[in-house]
Amino acid sequence: MAASLQLNCKPYTPLLLHSKSASKRAPKFSTVRCSAASPSKSYTITLLPGDGIGPEVISVAKNALKLVASLEGFAFKFTEVPVGGAALDLTGVPLPEETLSIAKGSDAVLLGAIGGYKWDNNEKHLKPETGLLQLRAGLKVFANLRPATVLPQLVDASTLKKDVAEGVDLMVVRELTGGIYFGKPRGFGKNENGEEIGFNTEVYTTHEIDRIARVAFETARKRGGKLCSVDKANVLEASMLWRKRVTALASEYPDVELSHMYVDNAAMQLVRNPKQFDTIITNNIFGDILSDEASMITGSIGMLPSASLGESGPGLFEPIHGSAPDIAGQDKANPLATVLSAAMLLKYGLGEEKAARRIEAAVLDTLDRGYRTGDIHSAGQKLVGCKEMGEQVLKSIDSKVAIAV
């Protein structure tokens with residue numbers, strides 16, 4: 001079974017949550033089982049290819065998971081269901097009830113990408129992105145882990161100077177289900193002058209702050225032992241409570257060095273001296289912005305995975321890039337962020353750390369051998385498409401190089 005949020009690989013019992021009814025036009029979804037030789041255990045994985053390049057990159061990651069499972073002696077049962085724009089076209093809603101039900105009953109969920117120009121003018125409740133928010137809420141995943149690591153093979157791809165980018169290895173821990181994105185009251189109205197206004201509320205409870213802070217402290221403890229809490233406590237009451245609670249919990253983690261930084265300064269420092277950061281904890285909206293900024297230090301968002309975890313039940317694992325509709329179906333997508341998301345799924349979702357290391361090592365080996373998709377290509381390297389990059393990763397997974405790491 002999947003690991004709990006505390007990252008200690010304890011088993012869990014999936015929760016059955018309420019969801020909205022799906023359209024009667026929803027199709028029946030098929031289940032594909034892939035087996036390993038005499039597997040000692042089996043995991044159920046929900047695949048959500050989504051839109052744009054999502055199906056292409058999910059296909060590569062699925063093949064990587066199947067191979068590593070066969071090598072490590074366990075098996076996967078995959079179920080592929082629609083979400084986002086694909087679900088809108090099939091069922092009329094961005095998150096069908098059956099999709100959420102299947103996802104909740106699995107050990108982990110792997111998502112490709114959602115969205116596209118086709119649905120940009122839809123009403124809010126019919127946008128693909130609404131389906132993603134509903135999925136996160138339905139799975140009760142509140143902790144988003146987004147690593148930003150500058151790989152030595154790709155340091156020249158960073159837009160920062162080499163001496164600034166080289167060696168960057170940080171993790172952003174973003175609160176995912178609270179804050180201004182979900183706070184109420186929200187909506188539209190008119191002020192005393194009769195002008196139209198739009199308003200949102202930034203609100204956090206002690207419970208919401210404490211649970212994400214504990215994840216961040218535990219994450220920092222397993223990394224470099226440094227945690228920087230980012231807020232705007234000089235202006236916002238929600239940030240004042242945030243800083244108060246994070247500071248209070250620090251006494252439980254004497255081995256972690258805690259610091260605080262205002263979000264505007266943090267944005268500047270990420271560009272000026274990103275190596276000063278090890279683990280960053282911040283709220284939903286600041287984390288949304290800062291994690292994207294941190295991702296670009298690495299040179300390409302096509303390389304970066306993420307994990308969204310809850311206190312129990314399956315985690316949600318996905319690349320941070322979008323659906324890239326301009327290149328969808330052209331075999332140009334970089335699948336490595338999704339492959340590395342599969343590695344995070346193995347590590348944080350299933351507790352299969354050896355299998356995760358095998359995939360991570362395979363990605364590094366593939367890059368060492370000079371293979372590059374267009375977003376990370378430079379002179380002298382081998383330009384390949386999504387499928388070929390996936391095939392090269394599979395070769396590395398099955399090699400002694402990957403096994404030895």
Side-chain angles (χ1 to χ4, degrees), residues 2-7 48 50 83-84 103 108-115 129-149 169-183 202 204-205 207-220 222-223 227-231 242 246 263 266-267 270 277-298 301 303-322 337-338 340-349:
S4 71
L5 175 89
Q6 291 79 7
L7 314 183
L48 304 175
V83 72
V109 180
L110 185 63
L111 172 69
I114 61 166
E129 294 78 9
T130 297
L132 178 57
L133 293 177
Q134 292 172 342
L135 179 65
R136 290 170 177 169
L139 294 177
K140 293 190 175 182
V141 290
F142 65 84
N144 183 226
L145 276 59
R146 286 182 56 165
T149 303
D169 180 11
L170 62 89
M171 176 79 79
V172 178
V173 180
R174 168 192 173 191
E175 200 288 323
L176 200 58
T177 58
I180 199 167
Y181 290 169
F182 296 93
E202 167 79 358
Y204 271 106
T205 65
H207 168 68
E208 288 175 315
I209 299 169
D210 286 2
R211 67 181 183 178
I212 190 67
R214 293 187 188 281
V215 174
F217 276 111
E218 291 289 347
T219 301
K222 295 178 180 181
R223 288 174 49 83
L227 178 63
C228 180
S229 179
V230 174
D231 58 39
W242 180 282
V246 174
V263 63
L270 273 172
F277 296 107
D278 173 49
T279 305
I280 295 173
I281 175 180
T282 191
N283 69 11
N284 204 343
I285 188 169
F286 297 162
D288 192 359
I289 297 166
L290 293 180
S291 57
D292 277 1
E293 181 187 7
S295 73
M296 289 314 299
I297 298 171
T298 69
I301 59 174
M303 290 296 302
L304 299 180
S306 74
S308 299
L309 308 173
E311 289 178 305
S312 62
L316 174 64
F317 303 86
E318 58 182 304
I320 72 165
H321 59 66
T338 312
L340 290 171
S341 295
M344 292 190 79
L345 181 155
L346 289 164
K347 181 177 182 180
Y348 294 107

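In this structure a side-chain-to-backbone donor-acceptor pair under 3.5 Å is present from S306 to E318. Between the side chain of R223 and the backbone N or O of D278 there is at least one donor-acceptor pair closer than 3.5 Å. Between the side chain of E175 and the main chain of G178, a donor-acceptor pair closer than 3.5 Å is present. In this structure, R174 contributes its side chain and N284 its backbone to a donor-acceptor pair below 3.5 Å.
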query = Is there a side-chain contact (heavy atoms from CB on, under 4.5 Å) between L309 and V215 once you walk through the steps?
reply = CA-CA 10 Å; L309 308 173; V215 174; 5.8 Å; no
side-chain contact (heavy atoms from CB on, under 4.5 Å) for T279 and F217? Distances and angles first, verdict last. CA-CA 9 Å; T279 305; F217 276 111; over 6 Å; no
*Report the C-alpha separation of F277 and L270 in whole Å, then their side-chain angles, then the decisive distance to 0.1 Å, and conclude whether the side-chain contact (heavy atoms from CB on, under 4.5 Å) test is met.*
CA-CA 8 Å; F277 296 107; L270 273 172; 3.8 Å; yes
| said: Please determine whether side-chain contact (heavy atoms from CB on, under 4.5 Å) holds for the pair R136 and F142, giving the CA-CA distance in whole Å, both sets of side-chain angles, and the decisive distance to 0.1 Å. | reply: CA-CA 8 Å; R136 290 170 177 169; F142 65 84; over 6 Å; no
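Across every non-hydrogen atom of A113 and H321, the tightest pair is CB-O, 4.4 Å. The minimum heavy-atom distance between M303 and A337, with the atom names listed, is C-CB, 3.7 Å. The minimum heavy-atom distance between L290 and A266, with the atom names listed, is CD1-CB, 4.3 Å. Nearest approach of L145 to M344, heavy atoms of both residues: O-CE, 4.0 Å. Nearest approach of L135 to A103, heavy atoms of both residues: CD1-CB, 4.4 Å. Nearest heavy-atom pair, D288 versus Y181, reported as atom, atom and distance to 0.1 Å: OD2-OH, 2.7 Å.
Looking at heavy atoms from C-beta onward, V263 lies out of side-chain contact with T282 at the 4.5 angstrom threshold. The closest side-chain heavy-atom distance from V141 to T177 is not below 4.5 Å. Between L111 and V83, some side-chain heavy-atom pair lies under the 4.5 Å cut-off. At a threshold of 4.5 Å between non-hydrogen side-chain atoms, the residues P319 and S341 count as touching. Side-chain contact between I212 and R214: absent, with no pair of heavy atoms (C-beta onward) separated by less than 4.5 Å. With a 4.5 Å cut-off on side-chain heavy atoms, R211 and E311 count as touching.
Scored by the side-chain contact (heavy atoms from CB on, under 4.5 Å) test, S229 finds W242, V246, L258, H260, I281 as partners (sequence neighbours excluded). L304 is linked by a side-chain contact (heavy atoms from CB on, under 4.5 Å) to S295, T298, I320, counting only residues two or more places apart in sequence or in another chain.
A side chain to side chain contact (heavy atoms under 4.5 Å, CB included) with L316 holds for exactly one of L132, L176, L345; it is L132.
Interatomic distance, T338 OG1 to L110 CG, rounded to the nearest 0.5 Å: 7.0 Å. Between the CD1 atom in I280 and the OG atom in S291 there is a gap of 9.5 Å [rounded to 0.5 Å].
Looking at E202 and N283, their side chains do bring a donor and an acceptor atom within 3.5 Å of each other.
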